[in-house]
Amino acid sequence: MKKILFPTDFSEAATNAFVHALEFAKIVNGELILLHTFEIPVYDSQFFPENYAAIYSSIELANFEMFKDEIPKLKTIAVERNLEEIVIKHRLMDGDLLFNLKNAVKEDNADFVIMGTNGISDWTTFFTGSNTSSVISGVHVPVLCVPIDAKFKKIKVIGFTTRYREKDKKELKKVLKIAKKMDAKVRSLYVKTSASDVAPETIKEWEVEFAGENVEFLVLPSDDVKETILDFVLYKDVDVLTTITHKRSFFESLFTSSFSKKITKEVSIPVLVMHDN
């Protein structure tokens, strides 16, 4: 059984992503591990010598009570979607979210992480700076990021961006396995810029190797990679966009500025981040 780690702060964005997590768990025959983290403020014990322990205990208790109150709401959502058979486990941890997330992935041997985002600011934060290093680079499992406006619908087409590297094949095979369970088609995109070093023979080799799979290979010539990907998502009816972390600098720029606004607001689709490790 696959294990899906689902970090939540019980916000609207997280609740929306929970629906995606439930449906994904059904597809891959997985169980959900709900992770809620909280940070205890640092107090100087010399100013609170008698109440020091009580302060920490009260914060822990308050978070536990909130966690306990929110779980039934999520179980109600599962029942309403006829997914009450999905196994849901729980983790309540104090400390930094990203630190705990990485530890939880290792300790629970998670196969996927699914998390919600509130929109543009979250995407920019998530895909840049220290958060990128901690999550995208630090968590070596696929991460499905769900914008708050991306309401769940049956996935018919999965977009897959590639540079036709040999190691990309491994990730494409993973995506094809998921697509098969969803009865979905995979559309693979390569944006061929004027500086492209991919030989036509390589593209042909891929087409031959994956001839028996439900995948369509598209090669679009353009030096405007971002806009080409956006057009691909819009005009090829892509329901989930898959990308690979080897394009680190490009990947970071992809989800900043105006492009992130278009992806999260105009398109509003989940993005599945794969790893080439």
Side-chain angles (χ1 to χ4, degrees), residues 1-10 13-39 60 63-64 67-68 70-71 74-75 77-78 81 83-117 126-127 130-146 152 155 158 160 167-182 184 240 242-246 248 251 270-277:
M1 178 175 285
K2 299 293 185 182
K3 294 184 178 181
I4 302 164
L5 186 64
F6 177 70
T8 179
D9 58 359
F10 304 108
T15 301
N16 176 63
F18 178 68
V19 174
H20 290 256
L22 278 172
E23 296 286 352
F24 189 77
K26 177 184 177 181
I27 291 166
V28 302
N29 186 31
E31 65 178 35
L32 292 181
I33 303 170
L34 271 58
L35 170 66
H36 178 63
T37 67
F38 61 95
E39 293 195 48
E60 288 181 322
N63 277 277
F64 174 76
F67 188 73
K68 186 176 67 173
E70 292 292 335
I71 294 303
L74 298 182
K75 290 186 176 180
I77 293 174
R81 302 189 70 87
L83 295 173
E84 61 270 25
E85 77 279 3
I86 301 296
V87 176
I88 301 177
K89 298 180 179 179
H90 316 103
R91 258 182 175 270
L92 180 63
M93 304 173 70
D94 69 283
D96 176 69
L97 167 62
L98 299 175
F99 178 81
N100 287 330
L101 181 62
K102 290 194 292 183
N103 284 342
V105 166
K106 292 178 182 178
E107 293 172 7
D108 291 311
N109 198 24
D111 299 287
F112 300 92
V113 172
I114 297 180
M115 59 191 303
T117 67
F126 186 78
F127 288 110
S130 61
N131 286 6
T132 301
S133 299
S134 297
V135 179
I136 301 300
S137 299
V139 178
H140 298 294
V141 298
V143 181
L144 181 66
C145 308
V146 184
F152 179 81
I155 296 172
I158 300 176
F160 178 83
K167 61 175 61 177
D168 288 9
K169 288 182 182 179
K170 178 181 176 183
E171 305 311 314
L172 177 55
K173 289 174 182 178
K174 292 178 184 177
V175 172
L176 284 168
K177 285 184 180 180
I178 296 172
K180 200 167 194 177
K181 293 177 183 294
M182 296 177 173
V240 175
T242 306
T243 189
I244 305 174
T245 56
H246 66 249
R248 172 69 178 273
F251 186 71
V271 175
L272 178 63
V273 183
M274 307 293 288
H275 296 266
D276 61 1
N277 54 294

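Below, each value reflects all heavy atoms present in this structure, side chains not excepted, and no hydrogens, waters or symmetry copies. Just so you know, residue 1 is the first one in the sequence shown, and it goes up from there. Keep in mind that what you see is a predicted model, and the values were worked out from it rather than measured.
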* Give the C-alpha distance, both sets of side-chain angles, the deciding distance and a yes or no for side chain to side chain contact (heavy atoms under 4.5 Å, CB included) between T242 and E171. => CA-CA 10 Å; T242 306; E171 305 311 314; over 6 Å; no
* **side chain to side chain contact (heavy atoms under 4.5 Å, CB included) evaluation trace for V271 with V240** => CA-CA 6 Å; V271 175; V240 175; over 6 Å; no
* After noting the C-alpha distance and the side-chain angles of V141 and V105, does the key distance pass the side chain to side chain contact (heavy atoms under 4.5 Å, CB included) rule? -> CA-CA 8 Å; V141 298; V105 166; 4.2 Å; yes
* Asked: For I158 and V175, what are the C-alpha separation, side-chain angles and deciding distance, and is it a side chain to side chain contact (heavy atoms under 4.5 Å, CB included)?
  -> CA-CA 8 Å; I158 300 176; V175 172; 3.8 Å; yes
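Counting heavy atoms of neighbouring residues, nucleotides and ligands inside a 6.0 Å radius, atom NZ of K26 does not exceed 12 of them.
Rounded to the nearest 0.5 Å, atoms CG (L34) and CZ (R91) are 12.0 Å apart. Within the model, atoms CG of L35 and CG of L32 stand 12.5 Å from one another, a figure rounded to the nearest 0.5 Å. Residue E107 holds its CD atom at 13.0 Å from NZ of K102, rounded to the nearest 0.5 Å. Here the CD atom belonging to E70 is positioned 7.0 Å from the OG1 atom belonging to T15, to the nearest 0.5 angstrom. With rounding to the nearest 0.5 angstrom, the OG1 atom of T243 is 8.5 Å from the CZ atom of F160. The structure places NZ of K174 at 9.5 Å from CD1 of I244, a figure rounded to the nearest 0.5 Å.
Between the side chain of N29 and the backbone N or O of M1, no donor-acceptor pair lies under 3.5 Å. A donor-acceptor pair under 3.5 Å is formed between the side chain of H36 and the backbone N or O of T8.
Contact detail for V28 and K2: the closest heavy-atom pair is O-CG, 3.6 Å. Between I86 and G30, the closest heavy-atom pair is CG2-O, 4.1 Å. Taking every heavy atom of both residues into account, M93 and N100 meet most closely at CE-OD1, 3.4 Å. Residues A110 and L5 approach most closely at CB-CB, 4.1 Å, considering heavy atoms. The shortest non-hydrogen separation linking A25 to I4 is CA-CD1, 3.6 Å. Considering every non-hydrogen atom in both I114 and P7, the closest pair reads O-CD, 3.3 Å.
Ion pairing of E31 with K89 is present here, as a side-chain N (NZ or NE/NH1/NH2) and a carboxylate O approach within less than 4.0 Å.
The one candidate from F18, F6, F152, F112 that meets the ring pair (Phe, Tyr, Trp, His ring centres under 6.0 Å) condition with F24 is F112.
Proximity of I77 to L22: side-chain heavy atoms (C-beta onward) are separated by under 4.5 Å at one or more points.
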